[in-house]
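Contents: one structure, followed by commentary.
None of the values given here were measured: they were computed from a predicted structure.
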Amino acid sequence: MSLGAALAVGACAPHVEVPGLPSENGRWMTDSVIHAYDGLELPLRAWAPKGRTKAVLIALHGFNDYGKSWETPGQFWAGQGVATYAYDQRGFGQTDQPGLWHGGQTLVEDLKDVVSLLRRRHPGLPVFVVGESMGGAVAMIAMADPEPPLIDGLILAAPAVWGRSTMNLASRTGLWALSHSVPWLRLSGKGLNIKASDNMEMLRALSKDPLVIKETRIDAIHGLVDLMDAAQAAAGNIRVPTLVLYGE
């Protein structure tokens, strides 16, 4: 690559949506929304037990998904006495400007605030976090922080830790080049002939759901890979009881 071409590629950079300043209207919740520290609204879904609540579970969805993905397990857990709360993370679902990447640390700060809010709502009850894929990576980074959220245990369902160390040189180079030249370019999985699951009913429902992102910005993929790198590095510093789940 010539010097001119290299400078042209480097002229663009992956976009990261910057959070607002701490707001007087931040850090509070209703039954249907979390008001983040900068006032941004994060839609919230909850499944509560009909009888006594034994524990609280905060559920973090995966990349391009949103809180509704926890509806079936949330209903099941409610039947076991566990209250489940699932919010749309920034850039996904019904949040403002879905599809834009907000940075891994911002997602971590949101989780910390949600844990604090739900501890206040349910004083004295054990609080757990379950994270799937990207949500698992966010939870791992949060729990390896010098000041982690106060939870009693962590559940990681196929946590996203497939960072650059697992990518070949062509993939790493291609991602860097695209994210620094056409960061707004959107990609889909069409034509890859990859079957994400053998649960066809679920796959059909996802394909029809307008809130599930089908075409992903290159810079959001770049941000996800950064998040996975950080999650992999964080793994050895998690100090709470952790259950790790992976499918075959």
Side-chain angles (χ1 to χ4, degrees), residues 34 42 44-49 51-89 92-93 104-105 107-163 165-166 196-199 202 206 224-225 227-248:
I34 299 286
L42 307 176
L44 176 69
R45 292 165 181 81
W47 298 274
R52 183 175 69 89
T53 299
K54 303 174 185 176
V56 175
L57 191 60
I58 300 167
L60 299 178
H61 63 77
F63 189 65
N64 286 346
D65 212 336
Y66 68 112
K68 187 183 177 184
S69 62
W70 293 99
E71 183 173 30
T72 299
Q75 291 172 344
F76 172 80
W77 291 325
Q80 312 306 306
V82 178
T84 302
Y85 294 84
Y87 62 96
D88 295 358
Q89 299 188 75
F92 302 98
Q105 192 57 42
L107 302 183
V108 166
E109 294 304 320
D110 286 339
L111 173 59
K112 289 182 179 181
D113 286 342
V114 172
V115 171
S116 295
L117 289 170
L118 287 172
R119 279 225 173 260
R120 270 184 257 161
R121 176 173 280 201
H122 297 280
L125 290 182
V127 175
F128 300 88
V129 169
V130 55
E132 179 193 12
S133 191
M134 180 194 79
V138 171
M140 290 174 69
I141 297 168
M143 294 315 302
D145 191 271
E147 297 183 1
L150 182 60
I151 64 172
D152 297 274
L154 178 63
I155 304 164
L156 302 173
V161 291
W162 309 286
S165 65
T166 67
S197 171
D198 59 3
N199 186 338
M202 176 198 70
L206 291 176
L224 175 65
V225 174
L227 183 80
M228 294 193 290
D229 283 342
Q232 190 179 74
N237 296 316
I238 296 171
R239 296 290 180 264
V240 296
T242 302
L243 172 65
V244 182
L245 304 171
Y246 271 104
E248 286 189 272

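In this structure the side chain of P49 never reaches within 4.5 angstrom of the side chain of W77, judged on heavy atoms. For the pair D88/R45, a side-chain contact is recorded, criterion being any heavy-atom separation below 4.5 Å from C-beta on.
For the ring-ring contact (aromatic ring centres under 6.0 Å, His included) test, no residue two or more places apart in sequence or in another chain qualifies with F128. By the side chain to side chain contact (heavy atoms under 4.5 Å, CB included) test, A59 pairs with W70, T84, A86, V130, sequence neighbours left out. For T72, there are no side chain to side chain contact (heavy atoms under 4.5 Å, CB included) partners, not counting sequence neighbours. Remark: Q105 engages E109 in a side-chain hydrogen bond (donor to acceptor under 3.5 Å, both in side chains) (not counting sequence neighbours). Partners of A231 according to the side chain to side chain contact (heavy atoms under 4.5 Å, CB included) rule, which considers only residues two or more places apart in sequence or in another chain, are A137, M140, I141, V161. Judged as a side chain to side chain contact (heavy atoms under 4.5 Å, CB included), and not counting sequence neighbours, the contacts of L42 are I34, A36, L40, Y87, R90, T95, D110.
Sorted by first and then second residue, the side-chain hydrogen bond (donor to acceptor under 3.5 Å, both in side chains) pairs involving residues 51-62 (not counting sequence neighbours) form an empty list. Within the structure, every pair that satisfies the salt bridge (Lys or Arg N to Asp or Glu O under 4.0 Å) test and touches residues 138-151, not counting sequence neighbours, is listed here: K112-D145. Listed by first and then second residue, the ring pair (Phe, Tyr, Trp, His ring centres under 6.0 Å) pairs involving residues 130-155 amount to none (not counting sequence neighbours). Residues in residues 72-86 take part in no salt bridge (Lys or Arg N to Asp or Glu O under 4.0 Å) pair, two or more places apart or across chains. Within the structure, salt bridge (Lys or Arg N to Asp or Glu O under 4.0 Å) contacts touching residues 60-79 (residues at least two apart or in different chains) do not occur. Residue pairs satisfying the side-chain hydrogen bond (donor to acceptor under 3.5 Å, both in side chains) criterion with at least one member in residues 122-143, sequence neighbours excluded, are listed as follows: Y85-H122.
Here the closest heavy-atom approach between residue L60 and residue Q89 is recorded as CB-NE2, 4.0 Å. A pairwise comparison of heavy atoms in L111 and A139 identifies CD2-CA, 3.9 Å as the closest pair. Closest approach of T242 and V240 over heavy atoms only: OG1-O, 2.8 Å. The heavy-atom pair separating D229 from G163 by the smallest distance is OD1-CA, 3.2 Å.
Interatomic distance, I151 CD1 to L57 CG, rounded to the nearest 0.5 Å: 10.0 Å. Separation of atoms CG (N64) and CE (M134) is listed at 8.5 Å; rounding is to 0.5 Å.
Side-chain atoms of R120 do not come within 3.5 Å of backbone N or O of V115 as any donor-acceptor pair.
Residue V127 is tested with I58, L150, L118 for a side chain to side chain contact (heavy atoms under 4.5 Å, CB included); the sole match is I58.
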